[in-house]
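Presented below is the structure to which this report refers.
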Amino acid sequence: MSPSLDTAGLGARAAEMLDELAQISASADHLTRFFLTPEHRRGADLVARWMRQAGLEVTEDALGTVRGHRPGASPDAPRLLFGSHIDTVENAGRFDGCLGVVLPILALDWLARSGHQAPFGIDVLAFGDEEGSRFPTTLSASAAIAGIFSPSMLAARDSDGVRFEDALRAYGKDPADIPAAAYDPARVIAYVEAHIEQGPVLEVEGEPLGIVTAIAGASRLSVTVTGEAGHAGTVPMRLRHDALLGAAEMALAIERIAVEAGDGMVATVGRVHVEPGAVNVIPARVVFTVDLRSGSDLSRRTALERLEREAHHVADRRGLGVVISAFHEVGTVPCFPDLQRRLAEAAASLGARPVWMPSGAGHDGQAVSRLCPIGMLFVRCRGGISHNPAEYASPADMGLAAGTLVRFIERFEWPGPAGSLREAGESA
Ligand SMILES: [Zn+2]
């Protein structure tokens, strides 16, 4: 085990690398780097250069994912995977995704210089399609390595009408090679992703690191409330069937349901459409959306049932109609308990006391969970702000996270009992 880990030095280097990567943008005055664009190409080339400097063998797969490989004791040794994404939203911050690519490169560079040799192979993956900013697809690159890429994605078009497939070919890739991008599940041990928290919990707790327990499942609903239009001046209050007031009461009920669930559940009414939408007409019809997320599928389903009951109760009392339809449903992806424990112990060995928490945002790990057990390490970000140029993680926190990955790898015992991680993962 490397005796004195220079986490301050690792953090300073992470900040430099993230600054350099952030210079690669479609815009001169802000950071925008979309999938399969010239900026993606340049970003991928920079990442590949860093990987080579860290002694990794670099390849690129059919979705443009840059893969840096450090061989294990034998060429067919199973591999531990690390990674995240280098695409961004429009006008992005420099940490979201890129941090999870830079930190394992630094960790492997450190381990190479300290002479550490793991029996297992290690791959660092830089995915290019997590944000879904260019095409109405997301996680296509991580889906490909997990062997679950859906060919229907190839027909997706960006806002200029360019097909995913044509963009891929223009990037120098052949869609026929996509199946070969998949790892053999029998030769993968686990996947670990480091990422900024994108929320305020670690800052409030005063802790630099978080251990993710699960990537939250989400339900999105469309709720249509129908009442009766009427003259705003002549219909007495007691005779009204105001669809907006019913919707408002339902929105407050949704807030209460999430708060009372008490397990980090979050619910948001983000869009409200009112008809006829006139200043002097009682609202006749309201359509609003609900986004409900929880680290537990059971608790999310229970909340949805309660929401349905309470919405009908409100509608009945007010003489309104209500129809609820779900238009998006993604299950919770649990992080593997053994990886949570190993990450926490690695962090604790550097004096951190990480906070256990679910991730409310989606990540590449969701797709990779179809391949192997996953673990995630969160890094505190200022104000919980992300998808914004104000996004910031301190060099000290990033250094601690890089050091945690170093310790995690150093302490990772493999082979353990054959297949132990995977079997336990299936029952988790
Ligand atoms: Zn991200």
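This one's a predicted model, so the numbers in the text were calculated from it and none came from an experiment. First listed ligand is number 1; within each ligand, the first listed atom is number 1.
Legend: protein N/O/S atoms lying under 2.8 Å from the Zn ion (ligand 1), waters omitted, number 3.
Residues in residues 186-219 take part in these ring pair (Phe, Tyr, Trp, His ring centres under 6.0 Å) pairs, two or more places apart or across chains: His85-His195, His195-His363.
Scored by the salt bridge (Lys or Arg N to Asp or Glu O under 4.0 Å) test, Asp184 finds no partners at all (sequence neighbours excluded). Taking the side-chain hydrogen bond (donor to acceptor under 3.5 Å, both in side chains) definition, one finds that Ser159 meets it with nothing, sequence neighbours left out.
Ser386 and Asp96 share no side-chain donor-acceptor pair at under 3.5 Å.
The main-chain N or O of His387 is found under 3.5 Å from a side-chain atom of Glu391 such that the two form a donor-acceptor pair. In this structure, the side chain of Arg33 engages the main chain of Ile24 through a donor-acceptor pair within 3.5 Å.
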